[in-house]
Every structure is written in structure tokens, then in C-alpha cells.
J.: 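Take a look at this one; I'll ask things after.
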Amino acid sequence: MHGRRPEHHRRRPAGRWRLDRSIRLHKPCFGKQRKTMSVVTRIAPSPTGFMHIGTARTALFSWLYARGRGGKFLLRIEDTDRERYHPEAVDAIKSGMKWLGLNWDGDAVSQFERRDRHAEIARALVEKGAAYYCYCSPEELDVMRAQAVAEGRSQFYDRRWRDRPAGDAPPGVKPVIRIKAPLAGDSTVQDQVQGPVTVDSQNLDDFILLRSDGTPTYMLAVVVDDYDMGVTHVIRGNDHLNNTFRQKLIIEAMGWPVPVYAHIPLIHGPDGAKLSKRHGAQGIEDYRDMGYLPEALRNYLLRLGWGHGDDEIISMDQAVAWFDLDGIVKSPARFDFAKLESLNAHYMKEADDARLVDLVTPFLEKQTGTPLSAQSRAWLAAGMADLKQRAKTLVALADEAHFYVAPRPLPFEDKARQTVSDPAAQHILTILAARLETLEPWTEQAIEALCHDIANQQAGGKLGKVAMPLRAALTGRSASPPIFKAAEILGRREVLARLKDAIAN
RNA sequence: GUCCCCUUCGUCUAGAGGCCUAGGACACCGGAUUUUCAUUCCGGCAACACGGGUUCGAUUCCCGUAGGGGACGCCA
């Protein structure tokens, strides 16, 4: 059913940038140390406290690209900003990655721990004449920017220290190191998603490489780390596209190979604006807590910004085999919970019953406030085949499963109470209870047959007149999984007890 | 404001100049099945942003307009 699409359907128009990739792959610019071009991708999240859903998708794409090519997928924590650094945030990233099934090669790299190396490169750049010391204070720069905005000019640093002799350095001021960006010309990046993108040098300023406290900025650190880690393919959010030109300046000044870039479009909220807190969920742990299965979220994220013909349900193995950069869509995508939910419903139906019992247990325990009894667990396991057909999330599953874990007497919902308290229903339940006491064998089929029999005798053959009160009595609700099966699972003793609760009610 | 990117059903997408009467999925609406609610199955509604080119022919290529998004920090 899937993957019929012939290979030639998967490619983009041959014009323009497509040609460049083959050139890039075989050009000696990739350096002597990488004769055999093996793919290395990475995900480089900053420890903000949770793993952003967009970061998760970038990680997925990077992971798939590497795994599909026998390459490596690395994890680097961009933790150079010490004021915002929290160790728990790193754990959140790692556990998020693990939950999604995205294993990384080697140990996670801490960018902060590599700060000496970054500083070393910054100084090397100064020695090469590609960077310089700047003694402007932050306040001075604020004034500069404010003035530029007021006059409608570009907000860039005006390069006042670019050519000043070292002797001009004011005493006691710690300088930053700035790159010497070219004053003229332009620069083009062959992006694998966006195509060729050209930016005029006038739009590149002398940005800071090394802060006055000696720590690197993101722009420097990312380039040095990617080089040292041997990253060949940089797959990241489109919000970094402009940064690429700045980073290229550093790369070229050092004479390093330029990686292949693929800037994937951003994920927007349902309203089209950047995904933010007010849209409800940004971190993947939020999705886990909303009861989504990792395979469902993975499948959803994969299809958000990437397509493979008409394929919708895509396994991890298929994704590894099929994923390629040229299937990535260029435009931003809106996040659609309805579709995620439908995918989740699909994967829940496919999921192993025992696994679902494990997965739903924390939700259930949260709901009841007590640990699950062995009896409840057993009922749950037996009933899972029916339960999972009906729920779209683990949260909904926990709700569906309520009657298997709630202690007697069960609370009645309004509609169920009405059903059960009807005099005719009370009469039927009384008869039903009496006959169930001696029913043999205790099976779904026998219970159903008995109910039919009672319906014929007491309700003009209307099974609903028996089944609905039974359902209400056993579950406390007016909707439930197939009730005869549920009765079989609960067992004679429990069923009779619940019937008595309902009759007395 | 400046620069960059984007634009096919409500949403995610297929689409490589004639295979397009524009396909699939989700959502929505109907119908069938059913002890309930679901599931499942069948059917339906629904889009090439606009304007110019190029071409025998444009959803597809080019230019513009409009709209959306992103970037402009001693954040990442």
C-alpha cells in the first residue's frame, strides 16, 4: 500500500540549486580528513527547561537522515549562556529524546565545556586579521542602536574599532572580539530545502565572536563545535537561515569545509502565529502528559513538513528508508491537534495491550489517587482490547477504564442514574441479578443470550432495555465498551455486587 | 524600518509544463453496521492568493503585488 511511488516522483525540478548538491558532495572542499563522505548530523538544543516540539521535529529529521545513511547523529547542549543554565533542563532534553526514541551517538557534548577551544579560535581569527578587538561598552552600543533606529538606518554596529590601532585601547576595559565582515560583495548558501539564498554583505555586520568575559557567542561556538564534531549536514529551523551567512564568515576565515545546510520551516500554532505558550503545548513532555504515544507524535511530526506521496501511516523503519531532504516542504506548517489525535488513535489500536496497561497506569493512579490494585490491573488487561478501540489518548483511555479501577459503590453519572432508577429497569435488574447467580458458563456469549431472553420476556425483545440498565449498573455510565464482555471480565461476584448497588440505589 | 524566506481544500500534504474533471489524510456533513458511545465501512463538501509575462498549453517557469512568517543582542 505504501511506498509504491517510483523514485523519480520523489525529486524536485532539476533546475537551479539541485545540481549543486552533487558538486558539493564530491568537491574537495570537504577536506582531506573526510574522504569517505559519511553523514554526521546533530541536534543542538539550548537548555530552556523543556524540549520544544519544533526542536523535537528537527531532531527527528536529523536522526532519520543520519540513520538512513549509516551516519552518526550527535547531541550537543548549547549551554554557553550561564545565566539561563539549569541542569534539570538538560535532563528534560535527554529524557524527551529518549521518549521519542531518538538515540544519539556518543555522549552529549556540553558547549560550555568547550569554551576554551572557542576562545582559541577567536584569537586565531584575530591573528589571521579576520577579527579584531572592540572596546565599546554595552551602553555605548545601546545608544548606537537607538540612534540608528531613530534615523531609520540599519541597526548594525558601526565598526568604529575595526581599524583603530591597538594603542587606542582604553585602559581597564575588557574588549570583545568581533569578526571582520566583508564590506562589499555578496554570499550565497545552497540550502537543501530553501534553494540558493543570496545575501548582500551590507546586511552582515561585525558581530561579536567572544564576549568581554571571554565566553563565546552562539555564532562562534556553533561553528567551532560543528567543525570539531565533524558535522556534515546542518538541519535546523528556518529561523537560523540568516545566521548561516554569519557562520559562513567564520568557517571561511578558518578555511574549514562548509556543511550542507537544510533549513526546515517552522511549526506554527493553529492560528498561524509562532507556536507559543498560549497555544497550549510547546514541550514534548506536554504531549506525553496529554496521553500521546511517542510513535504517534513521531509520525505526526514526520508528516509536518515532510511528505512521501500519499503515505500517512509511516513506521520508523519506513521513515528511515524513505526520509530525504528533498521531501521537506518549504512553507511553515500549522500544528493540528485533531490530526495528531487521529494518528494517536490509530497507534493505540495497534499497541500491545500489556504495554497500554503500563502506559495508562500513571494516568489512572492520578485519577483515583491510589495505586492500582492487582485486581484492577487484571481487569484492565483483560478489557484493554475493547478499551483501546474507543480512546484517542491515554487520558481518554484512563477515563474509559474508570469502571475497572473505581471502588464500589460506583458513582453514577446523571444519565446512568436515570436509566437505573427507572422502575421498569429496577425490575429487570432484579430478574437479571437472580438469573446471573446461576448462569453457566460465565461467558460474554452466555450473558448476552440471557439478556436477550430477559428482553424477550420483559421488554418486547428490546435488548437495550436490559443492556442499558446493566451498563449503567456496571459502569456508572451510559456509554461503555461492549457490556457483556465487560461483565464477563468483571466476574460473577463483582457483577452481582454492582447490580445490588444499583438496585438498592 | 531593513534584510531573508514562504503562499495547492479549514489543516497536513501529492504535484517535476499536457497524465489535473487537481489526488490522499485529518476535520466536517450524510449513510450502513451496532445493546450504548465509539470503531469499521461507504459516500459527500472543499484548494492552485492576485496580476502580468514565457509557451500551442502554466498549479508547475519568470517578474510584480498582496498576505503570512523569520532575522536584525556581549540570547541561542
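A note on names: the letters A, B, ... follow the listed sequences, proteins ahead of strands, and every chain is numbered from 1.
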J.: Determine the contact category for Thr48(A): base if any of its heavy atoms lies under 4.0 Å from a base atom, sugar-phosphate if only primed atoms, P, OP1 or OP2 are that close, otherwise nothing.
T.: nothing

J.: With a 3.5 angstrom cut-off on both distances, give the Watson-Crick or G-U wobble partner of U65(B), or none if there isn't one.
T.: A49(B)

J.: Counting any heavy atom closer than 4.0 Å, what does His240(A) reach on the DNA or RNA strands: base, sugar-phosphate only, or nothing?
T.: base

J.: May I ask you to say what Ser480(A) touches in the nucleic acid, namely base, sugar-phosphate or nothing, with a heavy-atom cut-off under 4.0 Å?
T.: base

J.: Apply salt bridge (Lys or Arg N to Asp or Glu O under 4.0 Å) to Asp200(A) and list each qualifying residue two or more places apart in sequence or on a separate chain.
T.: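 In terms of salt bridge (Lys or Arg N to Asp or Glu O under 4.0 Å), with neighbours along the sequence ignored, Asp200(A) is linked to no residue.
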
J.: Write down the distance separating the C1' atoms in A14(B) and G73(B), rounded off to the nearest Å.
T.: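 Comparing C1' positions in A14(B) and G73(B) gives a spacing of 42 Å.
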
J.: Would you indicate what Cys451(A) reaches in the nucleic acid, counting non-hydrogen atoms under 4.0 angstrom: base, sugar-phosphate, or nothing?
T.: nothing

J.: Quiz question: going by heavy-atom distance under 3.5 Å, is there a donor-acceptor pair between the base of C74(B) and the side chain of Ser212(A)?
T.: yes

J.: For Pro482(A), report the nucleic acid contact type (base, sugar-phosphate, nothing); a contact means any heavy atom under 4.0 Å.
T.: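 Base contact.
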
J.: Tabulated below should be each protein N or O lying under 3.5 Å from an N or O of nucleotides 8-12 of chain B; please produce it.
T.:
residue: C12(B); atom: OP1; partner: Arg334(A); partner atom: N; Å: 2.9
residue: C12(B); atom: O2'; partner: Arg303(A); partner atom: O; Å: 2.9
residue: C12(B); atom: O2; partner: Lys339(A); partner atom: NZ; Å: 3.2

J.: Would you list the pairs meeting ring pair (Phe, Tyr, Trp, His ring centres under 6.0 Å) in which at least one residue belongs to residues 176-219 of chain A, sequence neighbours left out?
T.: Tyr218(A)-His240(A)

J.: Under the salt bridge (charged side-chain N to carboxylate O under 4.0 Å, His left out) rule, what pairs show up with a residue in residues 468-478 of chain A, not counting sequence neighbours?
T.: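 The answer is Asp399(A)-Arg477(A), Glu413(A)-Arg477(A).
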
J.: What protein N or O atoms touch nucleotides 38-44 of chain B N or O atoms at under 3.5 angstrom, if any, and at what distances?
T.:
residue: A38(B); atom: O2'; partner: Arg390(A); partner atom: O; Å: 3.4

J.: State the pairing partner of C28(B); accept Watson-Crick or G-U wobble contacts with both distances under 3.5 Å, and report none otherwise.
T.: G44(B)

J.: Heavy atoms from C-beta onward define the side chain here; which of C74(B), A76(B), C37(B) lies closest to that of Arg178(A)?
T.: C74(B)

J.: Quick one: salt bridge (Lys or Arg N to Asp or Glu O under 4.0 Å) partners of Arg159(A), sequence neighbours excluded?
T.: Asp206(A)

J.: With sugar-phosphate meaning primed atoms plus P, OP1 and OP2, does Leu241(A) contact a base, only sugar-phosphate, or nothing at under 4.0 Å between heavy atoms?
T.: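 Here Leu241(A) touches the backbone only, sparing every base.
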
J.: Between A46(B) and G10(B), how far apart are the two P atoms, rounded to whole Å?
T.: 10 Å

J.: Could you pick out which residue, Arg211(A) or Arg57(A), lies toward the 5' side of RNA chain B when each is mapped onto its nearest nucleotide?
T.: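 Nearest-nucleotide comparison on RNA chain B picks Arg57(A).
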
J.: Look at the side chain of Asp310(A) and the base of G23(B), then say whether one donor and one acceptor between them are separated by less than 3.5 Å.
T.: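 Indeed, a donor on one side and an acceptor on the other fall under 3.5 Å apart.
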
J.: Who are the side chain to side chain contact (heavy atoms under 4.5 Å, CB included) partners of Glu488(A), not counting sequence neighbours?
T.: Trp442(A), Thr443(A), Glu444(A), Ile447(A), Lys485(A)

J.: Using the salt bridge (charged side-chain N to carboxylate O under 4.0 Å, His left out) rule, collect all pairs that involve residues 131-143 of chain A, keeping only residues at least two apart or in two chains.
T.: Glu140(A)-Arg160(A), Asp142(A)-Arg145(A)

J.: Sequence neighbours left out, what passes side chain to side chain contact (heavy atoms under 4.5 Å, CB included) with Gln389(A)? Give chain and number order.
T.: Lys349(A)

J.: Could you tell me how far C28(B) sits from C9(B) if I compare only their C1' atoms? Round to whole Å.
T.: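 That atom pair is separated by 12 Å.
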
